[in-house]
Amino acid sequence: MAPAQDALAVREQLFHERVRECIICTLLFASLYILCHFVITHFKKHTDFAAVHDDEDAAVNRIALGLCTFTLAVALGAVLLLPFSIISNEVLLSFPQNYYIQWLNGSLVHGLWNLVFLFSNLSLVFLMPFAYFFTESEGFAGSKKVGGPAGAPPVPPTPGSSLTPLPQGIMARVYETSVVLLLLTLLVLGMVWVASAIVGNDAASRQSLYDLWEYYLPYLYSCISLFGVLLLLLCTPFGLSTMFTVTGKLLVKPRLLEDLDEQLSCTRLEEASVSRRI
């Protein structure tokens with residue numbers, strides 16, 4: 001009975017640790033999502049995401065706002081993950097016997113890294129292109145007016161249903177966006193196949209094309225991260241110089257070290273020059 005009880009206790013402990021990690025990850029992502037939502041709504045235009053529930057464009061913009069907020073939350077989590085890992089490690093080393101901070105363990109950090117990697121690739125490959133094409137879509141010809149002719153009232157909700165129906169034309173836009181994404185994916189994969197056939201037409205190169213999750217997505221993520229770092233290094237000096245230039249134009253220079261006698265002499269010379277001209 002003792003080995004069975006020990007195994008049950010270990011499984012129960014693993015279950016509680018897993019639930020705790022899920023709750024912490026959910027709370028952290030919810031906090032980042034709320035923060036990013038306030039940031040985007042602060043810098044957006046007032047008419048971009050109008051809160052009109054029966055307007056199709058407003059519904060599309062609200063969906064795009066949610067996707068952009070999710071992507072920004074994932075990006076902010078990726079930026080803050082390394083400082084969080086360092087700080088949590090230092091806290092654990094400083095207080096190794098404290099019971100209340102034992103949740104800052106390696107399993108939590110490893111799970112956060114996996115979630116950030118998953119959602120980063122999902123946002124990069126699917127969510128951002130979907131948000132862009134969704135806002136630019138108009139629906140296929142003949143399928144936009146789903147609810148009836150132009151000017152017809154919207155379809156009322158089903159009795160007893162708590163779900164709010166989508167505005168007319170939303171599903172047509174979803175279909176068009178999905179088809180455009182599918183065609184774009186096929187185009188990119190075709191270009192990759194052609195490039196692979198030109199560079200190396202062997203079995204190993206063709207087999208590597210199937211390792212999408214293990215090879216190409218991490219490589220794409222690393223390339224985009226490298227491009228972001230290079231862009232940051234390139235734009236930071238120009239941004240600082242522009243910031244100091246604008247600040248120097250806006251601020252009034254102090255006159256504490258100016259020579260008043262020199263200014264008086266310059267004024268007298270200017271006055272004498274104007275008198276001679278007259």
Side-chain angles (χ1 to χ4, degrees), residues 25 28-49 61 64-91 93-94 104 108-110 112-136 181 184 187-188 191-192 195 199 212 215-259 262-263 266:
C25 294
L28 289 176
F29 182 76
S31 302
L32 291 176
Y33 187 89
I34 294 173
L35 177 63
C36 294
H37 179 77
F38 283 123
V39 170
I40 292 180
T41 52
H42 176 72
F43 288 103
K44 73 177 179 62
K45 296 181 181 179
H46 181 68
T47 58
D48 285 346
F49 304 101
N61 289 331
L65 174 64
L67 296 177
C68 294
T69 306
F70 181 86
T71 303
L72 182 59
V74 172
L76 186 60
V79 171
L80 297 177
L81 189 55
L82 182 59
F84 177 79
S85 304
I86 297 174
I87 293 174
S88 62
N89 184 45
E90 294 298 328
V91 170
L93 291 177
S94 301
L104 291 171
L108 175 64
V109 175
H110 185 70
L112 288 175
W113 276 103
N114 290 333
L115 289 176
V116 166
F117 176 74
L118 173 64
F119 289 137
S120 298
N121 288 291
L122 180 64
S123 302
L124 182 65
V125 176
F126 178 74
L127 294 184
M128 287 193 293
F130 185 87
Y132 174 74
F133 290 123
F134 190 56
T135 54
E136 297 294 331
L181 281 179
L184 181 62
L187 177 62
V188 172
M191 294 174 63
V192 171
V199 174
L212 183 65
Y215 179 74
Y216 285 103
L217 287 182
Y219 181 71
L220 179 64
Y221 186 76
S222 301
C223 290
I224 293 179
S225 300
L226 178 61
F227 176 75
V229 172
L230 294 178
L231 186 64
L232 177 64
L233 293 176
L234 180 63
C235 295
T236 299
F238 294 102
L240 290 176
S241 61
T242 305
M243 182 179 65
F244 286 118
T245 302
V246 173
T247 305
K249 292 180 180 179
L250 295 178
L251 295 179
V252 179
K253 297 181 179 180
R255 299 183 177 180
L256 299 176
L257 302 178
E258 293 182 356
D259 192 359
E262 183 179 357
Q263 289 186 359
C266 291

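If you're wondering where the values come from, they're calculated on a predicted model, not measured in any experiment.
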Next on the checklist: Using side-chain contact (heavy atoms from CB on, under 4.5 Å), reason through L118 and N114 one step at a time and then give a plain yes or no.
Outcome noted: CA-CA 6 Å; L118 173 64; N114 290 333; over 6 Å; no
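Listed by chain and residue number, L233 satisfy the side-chain contact (heavy atoms from CB on, under 4.5 Å) test with V229 (two or more places apart in sequence, or in another chain). Partners of F134 according to the ring pair (Phe, Tyr, Trp, His ring centres under 6.0 Å) rule, which considers only residues two or more places apart in sequence or in another chain, are F130. For C266, the side-chain contact (heavy atoms from CB on, under 4.5 Å) criterion is met by E262, not counting sequence neighbours.
When the options N89, L93, I87 are evaluated for a side chain to side chain contact (heavy atoms under 4.5 Å, CB included) with V91, the one that passes is I87.
Rounding to the nearest 0.5 angstrom, the gap separating the CG atom in L240 from the SG atom in C235 is 11.0 Å. Here the CG atom belonging to L231 is positioned 11.0 Å from the CG atom belonging to L226, to the nearest 0.5 angstrom.
Identified under the ring-ring contact (aromatic ring centres under 6.0 Å, His included) test for residues 229-250, with sequence neighbours left out: none.
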Which pairs would a plain distance check flag for residues 29-43, meaning a side-chain donor or acceptor within less than 3.5 Å of a matching protein atom at least two apart in sequence or in another chain?
from	atom 1	to	atom 2	distance (Å)
S31	OG	L27	O	2.9
T41	OG1	H37	O	2.7
T41	OG1	F38	O	3.1

Atom pairs and distances, donor-acceptor, side-chain atoms in residues 67-80, under 3.5 Å, two or more places apart:
from	atom 1	to	atom 2	distance (Å)
T69	OG1	L65	O	2.6
T71	OG1	L67	O	2.9

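In this structure, S123 contributes its side chain and S120 its backbone to no donor-acceptor pair below 3.5 Å.
Other residues, nucleotides and ligands contribute at most 12 non-hydrogen atoms within 6.0 Å of the OH atom of Y132.
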